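Read the structure below first, then the notes.
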Amino acid sequence: MIAEEIHRITAALPAGVRLVAVSKFHPSDAIREAFAAGQRLFGESHAQELQRKHVELADLAAEAIPLEWHFIGHLQTNKVKYIAPYVGLIHSVDSPHLLAEINKQALKAGRKIRCLLQLHVAEEESKFGFTPDEAMDYLDSGVWQQLEGIQLAGVMAMATNTDDTARIRSDFHRARQFFEVARDRFFASTTTATFNELSMGMTDDWHIAVDEGSTLIRIGTQIFGQRQY
Ligand SMILES: *Cc1c(COP(=O)(O)O)cnc(C)c1O
């Protein structure tokens, strides 16, 4: 089942779009099964759960093409230290304060951590994420350029939780517009294309997200079934 879904999804992805298998609340054995099917990127949303699985699955990080952990949930500043030594990408940076803490822990670990700014574009009230205006103001401030432990690598967004596909599409479209404007304004002169990820799309809306230019889709339920604990 797990292997079948992974193959079904990856076969449908255009070149340049990668699948993050969201394994939160699923046991390490399910991750092993996905890894055996060729999946390498895994997303978790709780620091301590990720830390436990990182230890349980340490052998997979030593494979020729290793497992890579992405953090996708709300991250409390006091938990950053658990994941900073190994996390590959943090999708869910929702405040300047969090980014500063990630920077501190990255430097402590001797790393540069790739981070996405989480953009709030959905209809629902949410405590988390920058509005497009706040994110633009933050980029304008230039503060992030002093953070040697951080590589700003793009934008993450979630669409409104609705059956209205036009609304979902317009949420993703706004995120994409922000991403492109920010990239062209702040990252055009960097010699390598480092601001290049647009993380959008979950089980119920990833087809629309891919249509709207997503480069990373984050899928849990379709691969692993209902979450178990
Ligand atoms: C849980 C989660 C997902 C996966 O959602 P599914 O609907 O199970 O595919 C994707 N992104 C984030 C931020 C999540 O928390």
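Everything numeric here is computed off the predicted structure, so don't read it as measured data. Just so you know, residue 1 is the first one in the sequence shown, and it goes up from there. Computation of the quantities below employed the complete heavy-atom set of this structure, encompassing side-chain atoms and omitting hydrogens, waters and symmetry-equivalent molecules. Ligands are counted one by one from 1 in listed order, and the atoms in each one are counted from 1 as well.
- Those atoms of ligand 1 that come under 4.0 Å of a heavy atom in Thr203, given as number and element, are 6 (P), 7 (O), 8 (O), 9 (O).
- Heavy atoms of Lys24 approach ligand 1 to within less than 4.0 angstrom.
- Close contacts between ligand 1 and Thr221 involve ligand atoms 6 (P), 7 (O), 8 (O), 9 (O) [criterion: under 4.0 Å to a heavy atom].
- The ring of Trp69 has its center no closer than 6.0 angstrom to the ring center of Tyr82.
- Listed by number with element, the atoms of ligand 1 under 4.0 angstrom from any heavy atom of Ile219 are 9 (O).
- Counting all heavy atoms, side chain and backbone alike, Thr203 lies closest to Thr221 at OG1-N, 3.4 Å.
- For atom 5 (O) of ligand 1, the closest non-hydrogen atom on the protein side is Met202 CE, 3.5 Å.
- A parallel orientation is assigned to the rings of Phe128 and His74, their planes being inclined by less than 30° (bins at 30° and 60°).
- When all heavy atoms of Phe71 and Ala47 are compared, the closest pair comes out as CE1-N, 3.5 Å.
- Relative to the six-membered ring of Phe179, Arg183 meets both conditions, a distance below 6.0 Å and an angle of at most 45° to the axis.
- Closest to atom 11 (N) of ligand 1, if we only count protein heavy atoms, is Arg218 NE, 2.9 Å.
- An N or O contact shorter than 3.5 Å links Arg227 to ligand 1 by distance.
- For the pair Thr160 (side chain) and Thr162 (backbone), a donor-acceptor distance under 3.5 Å is absent.
- Contact of the Phe130 side chain with the Tyr138 side chain is registered, since non-hydrogen atoms from C-beta on lie closer than 4.5 Å.
- Under a 4.0 Å criterion applied to the non-hydrogen atoms of Gly220, ligand 1 contributes the atoms 4 (C), 6 (P), 8 (O), 9 (O).
- In terms of protein heavy-atom proximity, atom 12 (C) of ligand 1 is closest to Ile72 CD1, 3.5 Å.
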